[in-house]
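Heads up: the structure comes next, in structure tokens.
We use all heavy atoms of the structure for the numbers below, so side chains are in, but hydrogens, waters and symmetry mates are not.
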2 protein chains.
Amino acid sequence: MDEFIARGFAATRLDDVAKRAGVAKGTIYLHFKDKESMFEELIRTAIVPLISRLWGTPPQPGASVRDMVEGFAKTFIEEVATTRRGDLVRLIVAEGPRFPAVADFYYREVVSRGLAGMRALIELGIARGEIQHKSLARFPQIMVAPALIAVIWQSLFSRHAPLDALEMFRVHLDLIFGERRTT
Amino acid sequence: MDEFIARGFAATRLDDVAKRAGVAKGTIYLHFKDKESMFEELIRTAIVPLISRLWGTPPQPGASVRDMVEGFAKTFIEEVATTRRGDLVRLIVAEGPRFPAVADFYYREVVSRGLAGMRALIELGIARGEIQHKSLARFPQIMVAPALIAVIWQSLFSRHAPLDALEMFRVHLDLIFGERRTT
DNA sequence: TGACAATGACTGACTGGTCAGTCATAAAGT
DNA sequence: ACTTTATGACTGACCAGTCAGTCATTGTCA
């Protein structure tokens with residue numbers, strides 16, 4: 001996976017993958033049909049821990065919706081955006097159009113579930129009166145947009161201008177939930 | 001450029017590029033040093049019309065900041081996100097880490113200028129009282145985040161679930177500027 | 001004006017290197 | 001002994017980059 005993340009699908013050499021895995025090239029073909037299906041299966045299996053990282057954080061019982069979203073964002077930024085897992089997301093964005101199977105899987109397992117969960121949270125927030133903007137529930141993408149920005153910024157521009165992703169997300173939450181209580 | 005967008009740098013064959021351009025492969029080498037510098041130069045020149053599309057829209061004299069941002073977003077979504085130019089942005093995200101020169105250029109010419117302009121608009125909005133959240137000026141990325149989401153959604157997921165990017169952006173603006181006046 | 005020469009943009013067959021995928025052989029396991 | 005698992009040298013396709021040759025255009029001279 002690290003090889004694919006570093007070089008992309010086409011430029012990755014199976015000799016390097018084998019060396020990195022500590023096996024001979026032939027061994028790869030005992031486990032995978034060809035390079036393409038190896039790539040797809042690797043992504044599929046790599047996404048699983050990414051999902052469990054995200055849903056792994058237990059929501060505090062008495063927490064406000066804002067606290068839940070903020071905790072979620074904190075986990076995402078610390079565990080995904082600023083780590084190699086973030087590059088996995090970038091890899092999917094990069095290769096997705098050429099690997100519809102990958103894009104489909106990612107949509108079904110991550111995007112649609114994540115957005116559904118976020119929508120539920122938003123509706124809870126609306127019901128509790130924490131969120132004023134009812135139409136936000138129609139576009140849960142807005143809630144997570146800065147998180148994706150953080151992933152991309154991290155791998156492309158952080159050397160030019162570091163970005164405090166968590167603080168950015170908090171400002172974003174201020175827009176949605178109203179000004180932050182003093183911290 | 002279309003070949004690179006469709007296949008990525010590594011998988012693009014110069015024979016195909018030549019054929020598409022209506023010249024022989026050798027001709028390419030009369031204009032470019034090698035495949036890599038061709039890629040970089042092509043991106044550089046392709047970015048120019050992208051920039052001019054975005055700054056090309058004249059701001060109406062009496063327009064509110066919200067109208068200006070919304071007009072900007074409309075242009076972006078119509079002229080970039082839903083066209084081949086959007087895939088150019090995706091290509092830069094995809095290949096950026098392996099072509100620092102491309103990422104640098106994109107940061108200097110598009111990202112840093114765009115964010116600076118957006119920050120100026122935000123500060124104008126704050127001064128005029130249209131925007132309540134002063135800290136938004138620290139993260140102009142938030143303002144454009146849904147636009148980037150739209151680009152990525154378009155090329156990866158629109159077949160699964162079409163996204164009304166402009167409406168999403170309007171909802172996002174509602175968060176920033178307050179509820180929309182009736183339309 | 002017409003014949004000839006010079007130019008250089010363009011061509012595409014060719015080369016050398018790279019790499020996905022194979023398979024005869026070897027090692028490990030039972 | 002024999003089955004399963006692993007190896008890595010090998011093959012053939014592929015492709016970036018080269019370069020000797022072509023030819024339309026422009027310039028020169030009688």
Side-chain angles (χ1 to χ4, degrees), chain A residues 1-48 84 87-88 90-106 155, chain B residues 1-49 84 87-88 90-106 155-156:
Chain A
M1 209 55 245
D2 285 341
E3 289 290 326
F4 281 118
I5 286 173
R7 303 177 193 283
F9 174 79
T12 294
R13 290 178 291 257
L14 289 193
D15 282 306
D16 292 344
V17 173
K19 187 184 290 179
R20 178 89 76 115
V23 298
K25 189 161 57 151
T27 311
I28 289 175
Y29 288 88
L30 300 175
H31 298 281
F32 303 100
K33 186 174 144 284
D34 55 14
K35 189 186 179 186
E36 201 165 307
S37 59
M38 173 170 76
F39 179 68
E40 296 182 0
E41 285 186 47
L42 276 184
I43 288 210
R44 261 195 282 273
T45 54
I47 282 177
V48 175
R84 212 161 22 73
D87 289 303
L88 174 64
R90 215 203 66 251
L91 181 67
I92 291 169
V93 169
E95 306 283 0
R98 246 167 312 148
F99 291 89
V102 167
D104 290 4
F105 182 83
Y106 188 67
S155 42
Chain B
M1 206 58 244
D2 284 341
E3 288 290 324
F4 280 119
I5 286 173
R7 303 178 194 284
F9 174 79
T12 294
R13 289 178 291 258
L14 290 193
D15 283 306
D16 292 344
V17 174
K19 188 185 289 178
R20 179 89 76 112
V23 298
K25 188 159 58 147
T27 311
I28 290 175
Y29 288 88
L30 299 176
H31 299 280
F32 303 99
K33 187 174 144 285
D34 55 14
K35 189 184 180 187
E36 200 164 307
S37 60
M38 174 170 76
F39 180 68
E40 295 181 359
E41 285 186 46
L42 276 184
I43 288 209
R44 261 194 282 273
T45 55
I47 282 178
V48 174
R84 210 162 24 70
D87 289 303
L88 174 64
R90 215 204 64 252
L91 181 67
I92 291 169
V93 169
E95 305 283 0
R98 245 167 312 148
F99 290 89
V102 167
D104 289 5
F105 183 82
Y106 189 67
S155 39
L156 288 187

Could you state the atom-to-atom distance from CZ of A/Arg13 to C1' of C/dG21 in whole Å?
17 Å

Minimal heavy-atom distance between B/Arg90 and B/Ser155, with the atoms involved, is CD-OG, 3.4 Å

For DNA chain D, which residues in residues 17-38 of chain B have a heavy atom at a distance below 4.0 Å?
B/Lys25, B/Tyr29, B/Asp34, B/Lys35

Drop me the distance from A/Thr12's OG1 to A/Met1's CE, to the nearest 0.5 angstrom.
8.5 Å

I'd like to check the ring pair (Phe, Tyr, Trp, His ring centres under 6.0 Å) partners of B/Tyr29; sequence neighbours left out, ordered by chain and number.
none

Indicate yes or no for a side-chain donor-acceptor contact from A/Asp15 to the backbone of A/Ala18 under 3.5 Å, with no hydrogens or angles considered.
no

Between D/dA16 (P) and B/Phe4 (CZ): distance, integer Å
9 Å

Taken to the nearest whole Å, CZ/A/Phe9 to P/C/dC19 is 14 Å

Rounding to a whole Å, what distance do you find between A/Asp16:CG and C/dT18:P?
12 Å

Would you check if the side chain of B/Arg84 reaches a backbone N or O of B/Asp2 as a donor-acceptor pair within less than 3.5 Å?
no

Contacts of B/Phe39 meeting ring pair (Phe, Tyr, Trp, His ring centres under 6.0 Å) (sequence neighbours excluded), chain-then-number -> B/Phe4, B/Phe9, B/Phe99

Can you tell me the distance, in whole Å, between the CG atom of B/Asp15 and the C1' atom of C/dT15?
14 Å

